[in-house]
Each structure stands twice: as C-alpha cells, then as structure tokens.
Number of protein chains: 2
Amino acid sequence: MDGPTTRAARRTHGDLRIRAARAWTREHGDEAPHLQLLASDRAELGRIAEVIEYRTAGSRVFSYGEAANFLYLLVDGLVASSLSLDNGERQIVAFYWPGDLFGLAEDGHYVNTAEILTPSTVYRFPIRQLERFLIDHPRIQHGFFIKAVHDLRATQRQLLVMGRFDVSRRLAAFLLDCSGHDDYFDQPTRVLALPMTRYDIADYLGTSAESITRAFGLLEGQGLLRRRTAKAVELTEKLKTYVEM
Amino acid sequence: MDGPTTRAARRTHGDLRIRAARAWTREHGDEAPHLQLLASDRAELGRIAEVIEYRTAGSRVFSYGEAANFLYLLVDGLVASSLSLDNGERQIVAFYWPGDLFGLAEDGHYVNTAEILTPSTVYRFPIRQLERFLIDHPRIQHGFFIKAVHDLRATQRQLLVMGRFDVSRRLAAFLLDCSGHDDYFDQPTRVLALPMTRYDIADYLGTSAESITRAFGLLEGQGLLRRRTAKAVELTEKLKTYVEM
DNA sequence: CGCGGAGTTGATGAGCATCAACCCAAGTGG
DNA sequence: CCACTTGGGTTGATGCTCATCAACTCCGCG
C-alpha cells in the first residue's frame with residue numbers, strides 16, 4: 001500500500017475547524033457545532049502544522065504503543081480509533097469525522113490505533129510545539145479543552161448505549177449519530193452513506209457483523225429505514241422515536 | 001434526608017489535588033497520579049471555591065438537565081455519575097474518587113446525575129468565575145485539560161471492557177480499577193473495601209445485580225479472589241492475568 | 001422484634017455469538 | 001473480455017450467556 005503524502009500547511013486555513021459543542025456556558029448564537037477560532041488563531045495554528053493525505057483505506061496513522069509525537073486534526077475523510085485484545089478482537093472506541101482531533105497518548109505513547117477508513121486529509125501538530133503553543137495562547141487552549149470535554153461527553157453517552165441497549169437500538173443510535181454529519185447524510189432524500197463496513201460497525205457497537213445485518217433487517221421490517229444498497233440507507237423520521245433516552 | 005453543609009474553603013488547600021496521568025509528554029519523576037499544582041496555584045483556586053459536605057448516601061449533588069452553575073472537585077468520599085433512560089434503567093458512566101473533577105455540562109445544563117455513595121466532601125467552583133480564572137491562568141487550565149484527556153482515556157478503556165468482556169471479566173477489570181485507590185485497598189492484606197452496592201456495580205458494568213453475584217462466585221471458584229464479607233474482597237495476584245488486554 | 005433493603009440462589013427463556021454456507025460486487029490477470 | 005479471486009454481505013442452524021422473575025437469607029436498624 002502506498003504511503004501518505006506530506007506537504008506544508010497551506011496559506012489559508014479555512015479548513016482548520018474544531019468540531020465541538022460548548023462545555024458549560026451557552027453564548028449567543030452558539031448553535032454552531034464548531035468552535036469559533038479567530039482567523040489569526042487559525043493562521044498561527046496552521047503555522048506549526050503539516051498537511052498529510054492518506055489515500056488507502058486500511059492504512060494506519062499510528063499504532064498502539066508507538067511514541068506519540070503528533071496530535072492530529074482530521075480535515076476530510078473518516079478515521080477509526082481502536083483498541084485490540086491479545087486474541088485479536090478489536091473494539092473501535094471512536095470514529096473521527098472532519099473537525100475531530102485524535103492522537104490520545106499516555107506517558108508519551110499512543111493508547112490506541114488510528115486507522116484510515118476512507119481517503120483522508122489531516123493536519124498534524126508536533127506535540128511538544130503544540131503544548132508550548134497552547135500555554136502561550138490560553139484562548140486556543142480553552143478551545144482544545146472544550147473539545148476534550150465534548151469528546152468525553154460523547155464517549156459517556158456511548159457507554160450508556162453499550163450498557164443498556166440491545167443491538168437494534170445500538171444500531172439505530174449509531175445511524176442517528178452518523179446522520180449528523182452532512183458530508184454523509186443527504187438531508188432532502190434522507191439517505192445516509194455509510195463509509196464503513198459491517199465489521200467496523202460491529203466492532204464499534206460491541207457485537208458481530210452478522211448481528212448488524214440482522215439488526216438492519218429488523219429496523220427495516222419495522223419501517224424505520226430502507227436499505228438502498230449495503231452502504232446507502234434511507235432513514236425515516238420515526239427512527240428517532242425508536243431510540244428513547 | 002438532611003442537606004449538605006456549606007462553608008468557605010479553608011486556608012490550607014493541601015487537599016486540593018487533581019488526579020490524572022499526563023496526557024502526552026512524560027516528565028522526570030512524573031509517576032505520581034496527581035497533577036502538580038504549585039502551592040500558590042492551589043491557594044488561588046481555593047479562593048474561588050466553597051467546601052461542601054454531604055452526609056447521606058443517596059443524596060444528589062445535581063441532576064440531569066439542571067442549570068449547571070458549578071464544577072465540583074471531590075476531596076473525600078465516593079460519587080457516581082449516571083444517565084437514566086425513560087424506563088428507569090440507569091447507567092453509571094463513572095465513579096468519582098478523591099481528586100476527580102465532575103459536573104460535565106452542555107449548553108449550560110448538566111448532562112448526567114451525580115449521586116453521593118458515601119459521605120463526601122467536595123470543593124465547588126462557580127463555572128463562570130472558573131472559566132475566567134482558567135483563561136487568566138494557562139498553566140492551571142492546562143492541568144484541567146490534562147485531567148479531561150485522562151478521563152477520556154479511562155472512558156474509552158471502559159468502552160472496550162463493555163464491548164468485548166463477559167460479565168466475569170468486566171467485574172475483574174472493575175475490581176482491579178478499584179484496587180488502585182489506596183483509601184479502599186489495603187496493600188498488605190490485599191483486601192478491597194467496596195463502597196458501592198451490587199446494584200451500583202451492575203449499573204456501571206451494564207448487567208444485573210444477580211449476574212454480579214454470580215460473577216463473584218465464578219472468580220472465587222477459580223481462586224482469583226475471596227469474599228470476606230459482601231463488601232470486603234481479598235484479591236489475589238492472579239486476578240490481573242485473568243484480564244488480558 | 002419486626003421491618004426493609006441488600007445479597008444470594010434457582011429456574012426459565014430470550015437474545016445473540018458462532019459456525020457454516022452462500023451470494024454478490026469489485027478487482028485482477030490472462 | 002471473461003474466468004477467477006477476494007472480501008464484504010446475507011441467511012440459516014445451534015448452543016451459550018445472561019436477563020428476568022421468584023423465593024429466600026442475611027444484616028442493620030428503629
């Protein structure tokens with residue numbers, strides 16, 4: 001498989017956006033799912049970043065245990081972050097969509113593996129430089145802090161899904177999450193494009209690919225969705241009511 | 001049930017400690033599970049905090065959906081953070097031990113319910129004041145950021161446990177987590193004091209209280225632990241090997 | 001002493017993992 | 001251009017894990 005291509009970050013950093021809802025306070029007109037970074041902030045951040053493009057699905061941005069020298073911002077594409085057991089079983093702990101940060105580490109080593117699911121573009125920031133930079137730019141650091149809190153909330157929510165939902169409900173909740181990403185969900189037709197395989201979904205929802213297929217069948221049987229192709233699903237409004245929380 | 005008692009934060013803030021491993025970089029002598037805050041930092045933080053004591057188990061620090069005006073730091077005791085479904089099922093998404101921060105919110109409202117499990121002492125910080133304070137004190141904000149990342153890692157790990165482990169393994173992993181807290185684990189005798197009920201453990205591990213009891217039985221049958229009383233368990237060294245990751 | 005909640009044990013059935021077989025679409029190479 | 005390959009997707013059969021309901025014990029407490 002061919003490796004990624006690297007180049008210096010572009011002049012304009014309009015694509016440097018961090019996806020996150022506000023942590024505690026609500027501010028006027030704060031509905032946007034993206035943090036507001038000033039143009040000057042973006043430019044400064046862009047200065048310490050490199051742009052990398054990954055072409056091939058299946059390639060890895062980094063692997064568990066590697067020395068962690070970079071933090072990544074996904075600009076375009078889809079990335080999965082996973083943990084694996086000795087027996088080879090894999091648990092995907094997060095899908096990263098455009099605007100997401102990834103590259104969690106502990107004591108200088110990555111604590112999970114980041115895998116490319118579709119051709120992707122990322123910014124990568126040298127950790128040490130970034131840490132210094134954040135100390136010097138409290139407002140930007142605050143944005144990163146809010147992002148971390150946002151991800152923490154989302155992961156806790158997923159814990160509820162895993163702990164209390166059967167497979168059909170988990171799938172329904174997952175599809176609704178996906179439908180929040182306009183790159184993959186066409187509002188007018190309500191058709192969701194699924195960039196990942198059944199196996200990926202299963203490894204995310206703590207079940208098997210067969211069970212995912214059967215859950216699709218169940219939801220379809222109840223008129224909550226319609227499979228156009230294996231990777232394109234039309235969602236109905238009723239789907240929301242199926243996931244009671 | 002009697003309410004909590006409030007008083008101004010004390011002069012000395014030696015108990016203001018934030019529990020977290022470093023996010024990315026490892027620094028010399030950085031083994032301690034607590035962030036290093038300067039004495040002056042602690043004093044400044046303490047100035048905007050109030051100390052609250054909760055006597056009665058079962059009382060709530062805050063409930064889902066309430067206006068979020070405070071962030072909490074647990075000094076002593078044990079607190080559970082949970083989400084509930086319409087049907088009353090409860091999922092505990094985290095136990096908070098001394099040194100943990102809690103009070104996640106979104107758009108100004110708490111996104112889970114914090115419940116007192118044992119008599120507890122907390123610091124509480126007015127959110128708005130704290131946010132201003134953190135912007136003005138980048139190093140302390142950095143500590144909070146690291147704490148958030150630490151919690152995110154821990155929650156992702158729990159997601160692996162929930163997605164890939166059977167009940168016995170989940171319980172074993174949970175007991176090992178608990179044994180990391182010296183307040184409740186006596187190193188010499190290897191006896192762990194469990195401050196929570198079977199129901200709490202079940203609601204954390206996404207199972208039922210009966211299954212927890214049976215899992216205890218299975219682990220005991222394999223010589224991995226010994227139940228002294230319902231709330232005191234002697235762990236063996238072998239327990240670690242049972243949870244292969 | 002009697003009450004109530006936690007803990008335990010047993011019986012039963014449902015949901016799902018697993019294994020196996022098969023279909024289908026996209027590539028690949030002759 | 002078409003056979004062949006490969007991996008994802010689907011469907012069916014079977015057994016196991018665990019949720020659930022019920023009964024009972026144990027313990028602390030007024």
Side-chain angles (χ1 to χ4, degrees), chain A residues 1-2 55-58 80 85 87-92 115 117-119 161-172 175 193-222 225-233, chain B residues 1 55-58 80 85 87-92 115 117-119 161-172 174-175 193-222 225-233:
Chain A
M1 91 185 124
D2 42 25
R55 299 263 188 80
T56 21
L85 300 176
N87 62 18
E89 282 184 293
R90 175 180 73 150
Q91 176 68 40
I92 291 180
E115 195 176 317
L117 295 187
T118 70
V161 169
M162 300 284 283
R164 294 294 154 201
F165 285 4
D166 60 21
V167 174
S168 302
R169 291 250 196 123
R170 288 185 213 178
L171 179 59
L175 295 174
L194 288 171
M196 70 289 285
T197 70
R198 299 285 186 264
Y199 295 92
D200 293 330
I201 301 176
D203 284 352
Y204 180 60
L205 298 181
T207 181
S208 64
E210 295 92 330
S211 292
I212 293 296
T213 292
R214 286 185 242 269
F216 267 118
L218 280 172
L219 295 178
E220 193 163 27
Q222 301 186 36
L225 57 78
R226 229 160 57 90
R227 278 175 288 187
R228 303 296 196 96
T229 74
K231 301 229 166 180
V233 189
Chain B
M1 82 186 132
R55 300 264 189 80
T56 21
L85 300 176
N87 63 17
E89 281 184 294
R90 177 180 71 151
Q91 176 70 39
I92 291 180
E115 195 176 317
L117 295 186
T118 70
V161 169
M162 300 282 284
R164 294 294 153 201
F165 285 5
D166 61 19
V167 173
S168 301
R169 289 248 195 128
R170 289 186 212 176
L171 179 59
F174 173 69
L175 293 175
L194 288 170
M196 70 290 284
T197 70
R198 298 285 187 265
Y199 294 93
D200 293 329
I201 299 175
D203 285 352
Y204 180 59
L205 298 181
T207 180
S208 64
E210 294 92 330
S211 292
I212 293 297
T213 291
R214 287 186 242 270
F216 267 118
L218 280 172
L219 295 179
E220 193 164 26
Q222 300 187 36
L225 56 79
R226 229 160 57 91
R227 279 177 286 188
R228 302 298 194 97
T229 72
K231 301 229 166 179
V233 189

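Letters go in sequence order (proteins before strands), and every chain restarts at 1. Quick caveat, the model's predicted, so the values are computed rather than measured.
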Report which part of the nucleic acid A:Thr197 touches: base, sugar-phosphate, or nothing (heavy-atom distance under 4.0 Å, all strands). sugar-phosphate
Rounded off to whole Å, could you give me the CG-to-P distance for the A:Leu205 and C:dG15 pair? 18 Å
At under 4.0 Å between heavy atoms, what does A:Arg164 touch on the DNA or RNA strands: base, sugar-phosphate, or nothing? nothing
By nearest atom, which of the nucleotides D:dT10, D:dG12, C:dG10 is closest to the A:Thr213 side chain? D:dT10
Among D:dT10, D:dA19, C:dC16, the one nearest A:Arg227 by side-chain distance: D:dT10
Going from CG on A:Leu171 to OH on A:Tyr204, what distance comes out if it is rounded to the nearest 0.5 angstrom? 12.0 Å
Sugar-phosphate, base or nothing in reach of B:Arg170, heavy atoms under 4.0 Å: nothing
Check whether any side-chain N or O of A:Ser208 sits under 4.0 Å from OP1 or OP2 of C:dT18, and answer yes or no. no
Give the rounded distance in Å between these two atoms: CD1 of A:Ile212 and C1' of D:dT11. 16 Å
Check this one for me: any side-chain N or O of B:Ser211 less than 4.0 Å away from OP1 or OP2 of D:dC18? no
How close or far is atom C1' of D:dT11 from atom CZ of A:Phe216, stated in whole angstroms? 16 Å
Separation of A:Asp203 atom CG from D:dG8 atom P, in whole Å? 11 Å
Counting heavy atoms from C-beta on, name the nucleotide in D:dT20, D:dT10, D:dC18 closest to the side chain of B:Val167. D:dC18
Within this structure, what is the CG-to-P distance between A:Leu218 and C:dA14, rounded to whole angstrom? 15 Å
N/O donor-acceptor pair under 3.5 Å between B:Arg198 side chain and B:Ala230 backbone: yes
From C-beta outward on B:Arg198, which listed nucleotide comes closest to its side chain: C:dG7, D:dC18, C:dG15? C:dG7
Please check the phosphate of D:dA19 (OP1 and OP2 only) for any side-chain N or O of B:Thr207 closer than 4.0 Å. yes
Expressed as a whole number of angstroms, how long is the span from A:Leu194:CG to D:dT10:P? 11 Å
All heavy atoms of A:Leu117 vs all of A:Ala80, minimum pair found to be CD1-CB, 3.9 Å
Go through the N and O atoms of the side chain of B:Arg214 and the base of C:dG7, and report whether any donor-acceptor pair is under 3.5 Å. no
Side chain of A:Tyr199 only, please: which of D:dG9, C:dA17, D:dT20 is the nearest? D:dG9
Rounded to whole angstrom units, what separation is found between the CG atom of B:Asp200 and the P atom of C:dA6? 9 Å
Would you confirm whether B:Arg227, through its side chain, and B:Val233, through its main-chain N or O, come within 3.5 Å as a donor-acceptor pair? no
Closest to the A:Glu210 side chain: C:dG7, D:dC21, C:dC19? C:dC19
Spacing of A:Glu89 atom CD relative to C:dA17 atom C1', expressed in whole Å: 10 Å
Let's go through A:Glu220 and A:Arg226 carefully: what are the C-alpha distance in whole Å and the side-chain angles of both, what is the deciding distance for salt bridge (charged side-chain N to carboxylate O under 4.0 Å, His left out) to 0.1 Å, and is it a yes or a no? CA-CA 6 Å; A:Glu220 193 163 27; A:Arg226 229 160 57 90; over 6 Å; no
Smallest heavy-atom separation, A:Arg55 atom then A:Pro119 atom, equals O-CG, 3.3 Å
